[in-house]
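The structure appears below as C-alpha cells.
In the text below, chain A, chain B and the rest are named by the order of the sequence lines, each starting its count at 1.
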There are 2 protein chains.
Amino acid sequence: MSAAPPQGRVIWFTGLSGAGKSTLAGALYAELQRRGERVELLDGDAVRENLSRGLGFSREDRDTNVRRIAFVAGLLARHGVTVLVSAISPYRGTRDAVLAELPSSLEVFVDAPLDVVTQRDVKGLYLRALAGEIEHFTGVSDPYEAPIRPALHLRTDLRSVDACLTELLTLLEVRDVAHA
Amino acid sequence: MSAAPPQGRVIWFTGLSGAGKSTLAGALYAELQRRGERVELLDGDAVRENLSRGLGFSREDRDTNVRRIAFVAGLLARHGVTVLVSAISPYRGTRDAVLAELPSSLEVFVDAPLDVVTQRDVKGLYLRALAGEIEHFTGVSDPYEAPIRPALHLRTDLRSVDACLTELLTLLEVRDVAHA
C-alpha cells in the first residue's frame, strides 16, 4: 500500500458580489503557485457554467451549486491539491455543512459594507438590482448570512489587497504548523 | 516558477449497463492504487448523484452529465491524478468531443452483446426496460453508439476480468513509454 497523499487545504472565500473574493483568491493562487504548491481556483461563476448551467438563484439552486463546488473541491483536496473556492455562498447553514465535511477547510469572510460594494459595482449589477431589475440579488433582494466565526474576516474596504494576502498567508502557515 | 505537475491520464470506460465498466474500472483502480499511483474513480451513477441530480436521460441531459464528468476529470488530471471514468456515455460525438479536450485520455470500449448483458441484468433493469417500463434505457429504448477506434476494445463475455485488467495495464505501459 502506498501512503495516502497529504490532504490538501480548502480555503473557502464567501462574501457579497464585489467584496473582493476573486481578487483575493486570485492573489493567493498566484502566490501559492509561485511557491510551487499544487493549487486550484474554483470560481463560483466558472463552476456554475460548467457544473450548474440551468440552475437559478433560488435558495435551493444556490445550495445545490455550493454543494457541487464542495464535491469537486473535496476530490481535488483528497489528492493533495490546495483548493481556493470563490463563491458568494450566501447561506450559513449550507456553508457550515459543506465545510464540516471537508477536512482542512477554512472559511474566509471577504467583507465590505453594502454601500462600498454598491459604489464599486464591479459588474454593474448593483445599480440594476437596486432598481429592482434583478431578482435574487444577494445583499439587495436576497439575503447574505455572514459567517459567525470565520477563520479569517477581511474588511476589504479598510485593508489593501497586499495586507489581506499577508493575513491569508499567515493563517495558512499557522494552520500548517498546527497540523504538522 | 515551479514545474507543472505531470499530466494525469484519463481512462474513459464506455459501454452498456452491465457490460462490466465498473468492475474493470474498479479492478484497475485497486491495482494502480496498490502501485502507489494517485488515482480517482468517477463512477457515472455517483457523479450523477453529486453533480447532476435533476438531470434526466434525454440526449441533452446525458450529454450534460458526460461534460460535467469530463470537467471534473480534467481538473484532477491537471494535478497529476489518473482518473478512471465509468459511464455509459452513449453518444459517440459527445465522447469524442470531451476526450479530444482531455490530454492523455484513452477510450476503453467495454463490450458484451445485448443478450449477454440482458441475461446478466446486474441491476434488474433490462427485464423492466424490455417490458417497456423504462424510457430511455440504453441499448433497449435508447441508442448506444459504439466507439469506432477505441484505444482498447474489451469483450467481457469472452475474456475474464483478470485478462481484461492485464490488457488495460499493458495499454497504460505502452502509452506511458510512448509519452515518456
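Considering every non-hydrogen atom in both B:R68 and A:R53, the closest pair reads NH2-O, 3.4 Å.
Linking Ile, Leu, Val, Met, Phe, Trp and Tyr whenever their side-chain heavy atoms come within less than 4.5 Å puts B:L32 and B:L154 in one cluster. Taking hydrophobic clusters as Ile, Leu, Val, Met, Phe, Trp and Tyr residues chained together by side-chain heavy-atom distances below 4.5 Å, B:L106 does not share a cluster with B:W12. The hydrophobic clustering, which links ILVMFWY residues whose side-chain heavy atoms are closer than 4.5 Å, places A:L102 and A:L28 apart. Note on B:L152 and B:L169: same hydrophobic cluster, where clusters join Ile, Leu, Val, Met, Phe, Trp and Tyr whose side-chain heavy atoms are under 4.5 Å apart, directly or indirectly.
Only the backbone of A:S52 comes within contact range of chain B, judged by heavy atoms closer than 4.5 Å. For chain B, the nearby part of A:L42 is the side chain; its heavy atoms alone come within less than 4.5 Å.
Atom CG of B:L127 has 12 or fewer heavy atoms from other residues, nucleotides or ligands within 6.0 Å. The number of heavy-atom neighbours closer than 6.0 Å to CD of A:E133, taken from other residues, nucleotides and ligands shown, is above 12.
Side-chain contact between A:E40 and B:H79: present, with at least one pair of heavy atoms (C-beta onward) separated by less than 4.5 Å. Looking only at side-chain heavy atoms (C-beta outward), A:V72 and B:L51 come within less than 4.5 Å of each other.
Atom CG of A:L75 is separated from atom CG of B:L76 by 5.5 Å, given to the nearest 0.5 angstrom.
No donor-acceptor pair under 3.5 Å is formed between the side chain of A:R67 and the backbone N or O of B:N50.
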